[in-house]
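To keep things clear, I will list the structure first and then write my remarks on it.
Every chain is numbered from 1 and lettered A, B, ... according to where its sequence line falls, protein lines coming before strand lines. Computation of the quantities below employed the complete heavy-atom set of this structure, encompassing side-chain atoms and omitting hydrogens, waters and symmetry-equivalent molecules.
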There are 2 protein chains.
Amino acid sequence: MGELTAALRKHSRKVTGPRQAILEVLRRHQHPLANREIHRALGPENCDLATVYRNLHTLEGMGLVRRYDFGDGTARFELVPEGEEGHHHHLICQQCALIVEVEECFPEELEQALARRHGFTGITHRLEFFGLCPRCAAARPTPAD
Amino acid sequence: MGELTAALRKHSRKVTGPRQAILEVLRRHQHPLANREIHRALGPENCDLATVYRNLHTLEGMGLVRRYDFGDGTARFELVPEGEEGHHHHLICQQCALIVEVEECFPEELEQALARRHGFTGITHRLEFFGLCPRCAAARPTPAD
DNA sequence: ACCGTTTTGCGGCTGGTTTGCAAATGACGG
DNA sequence: CCGTCATTTGCAAACCAGCCGCAAAACGGT
């Protein structure tokens with residue numbers, strides 16, 4: 001993939017096996033993946049876990065990959081689609097960890113107003129939704145009040 | 001404070017020194033506090049760090065305390081005010097960690113629509129804002145593009 | 001093919017959080 | 001006021017995601 005090569009060149013980085021393999025894994029999976037999961041998908045034999053960590057950090061810095069935090073103490077990563085700019089959020093099932101991508105986003109004008117009111121600049125936000133997916137809700141009718 | 005006692009009773013929990021002390025610390029501070037900070041405020045002599053962790057977990061489960069995640073790998077806790085139901089969010093300076101409470105929240109109707117569309121129930125969300133506070137912005141004019 | 005720079009693998013280490021276990025403590029009935 | 005029993009605490013060790021240093025291996029441009 002030329003895009004990877006180009007991005008790496010621009011940062012004087014090298015096109016290595018692990019890097020390509022990691023992006024390939026992310027390309028195959030459409031959900032945020034944890035370092036550990038990527039490592040497992042690569043085959044622990046082929047690449048050290050530390051290398052996975054380092055590369056995701058690097059790729060994130062180059063904007064090829066986006067980091068998500070679901071609050072469980074594990075960072076997850078998704079491939080940033082071609083020319084894609086804006087971020088998106090997720091709806092996560094608290095039971096089975098099913099992840100659904102969500103296009104809703106916090107209203108831009110509200111965010112700007114908020115920033116202005118407090119004099120903050122360069123404002124961003126982190127937003128994730130949690131709930132019980134249909135499958136899990138069916139399997140567990142009423143969670144015992 | 002009878003509310004603490006009542007809540008503890010309801011869960012067959014005991015009213016212990018550390019528990020009261022922890023709530024007292026949270027009552028005095030209006031910002032989310034990390035376990036370590038609470039421990040320090042208590043005087044490391046008076047209560048073990050592990051106890052702080054355990055109690056915050058317990059208190060969270062009883063709804064007396066609310067957990068916040070600012071994405072730095074450290075959980076923070078705030079006292080839930082009397083009869084307070086709704087949560088609130090925070091605006092955090094990425095430079096100096098200044099925390100401002102914000103009343104803006106993700107639009108209820110959008111969240112409901114989102115849940116309905118995907119068949120999710122019991123939906124909640126986690127939302128925090130990040131940016132550069134006025135002080136830090138002044139101290140660091142242009143973050144070098 | 002050569003050389004300088006970047007990466008990798010490996011082991012060790014950090015910092016937040018949890019757990020096992022024996023001793024201490026709170027709740028409650030007598 | 002005291003004994004009993006479940007809960008809680010302190011302590012230390014275990015855990016876990018993530019990070020670091022270093023020597024060896026891989027890459028890119030010549």
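The backbone N or O of B:L79 sits nowhere less than 3.5 Å from a side-chain atom of B:R27 that would complete a donor-acceptor pair.
Of the listed nucleotides (C:dT6, D:dT9, D:dG18), D:dG18 has the atom at the smallest distance from the side chain of A:A75. In this structure, the nucleotide among D:dG28, C:dT17, C:dC10 sitting nearest to the side chain of A:D48 is C:dC10. Relative to the side chain of A:A50, the nucleotides C:dT17, D:dG18, D:dC20 differ in distance, and D:dC20 lies closest.
Side-chain N/O atoms of A:Y53 include none lying less than 4.0 angstrom from OP1 or OP2 on D:dC19. Proximity of A:N35 to the phosphate of D:dA17: no side-chain N or O atom is located under 4.0 Å from OP1 or OP2. An OP1 or OP2 oxygen of D:dG28 is reached within less than 4.0 angstrom by no side-chain nitrogen or oxygen of A:R9. For D:dT7, neither phosphate oxygen OP1 nor OP2 lies less than 4.0 angstrom from any side-chain nitrogen or oxygen of B:T16. Of the side-chain N and O atoms in A:N55, one or more sit less than 4.0 angstrom from OP1 or OP2 of C:dT8.
Atom C1' of nucleotide D:dT4 and atom NZ of B:K14 are separated by 11 Å, given to the nearest angstrom. Atom CD in B:E37 sits roughly 14 Å away from atom C1' in C:dG15 (whole-Å rounding). The CD1 atom of A:I38 sits 14 Å away from the C1' atom of D:dA17 (whole-angstrom rounding). For A:I22 and C:dT7, the CD1 to P distance is 12 Å, given to the nearest whole Å. Summarising the geometry, the separation between NE2 on A:H57 and C1' on D:dC20 is reported as 13 Å, rounded to the nearest angstrom. The nearest whole Å value for the distance from the CZ atom in A:R19 to the C1' atom in C:dT6 is 8 Å. Taking atom CZ of B:R13 as the reference point, atom P of C:dA27 lies 13 Å away to the nearest angstrom. Taking atom CG on B:L49 and atom P on C:dT17, their separation rounds to 9 Å, with Å as the unit.
Using a 4.0 Å heavy-atom criterion, one finds that B:N46 contacts the sugar-phosphate atoms exclusively.
Between the side chain of A:R54 and the base of C:dG9, at least one donor-acceptor pair of N or O atoms lies under 3.5 Å.
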Inset, instruction - Test B:H88 against B:Y68 for ring pair (Phe, Tyr, Trp, His ring centres under 6.0 Å), laying out the working first. - result: CA-CA 10 Å; B:H88 61 263; B:Y68 288 98; 5.6 Å; yes
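Of the residues near DNA chain D, B:S12 and B:E45, the one whose nearest nucleotide (by heavy atom distance) lies more toward the 5' end is B:S12. Ranked by how close their nearest DNA chain C nucleotide is to the 5' end, A:C47 and B:G17 are led by A:C47.
Checking A:V52, A:T51, A:L56 one by one against A:R54, the side chain to side chain contact (heavy atoms under 4.5 Å, CB included) holds for a single residue, A:T51.
Heavy atoms from other residues, nucleotides or ligands lying under 6.0 Å from NE2 of B:H118 number more than 12.
Taking the six-membered ring wherever Trp is involved, the centroid distance between the rings of B:F106 and A:F129 falls below 6.0 Å.
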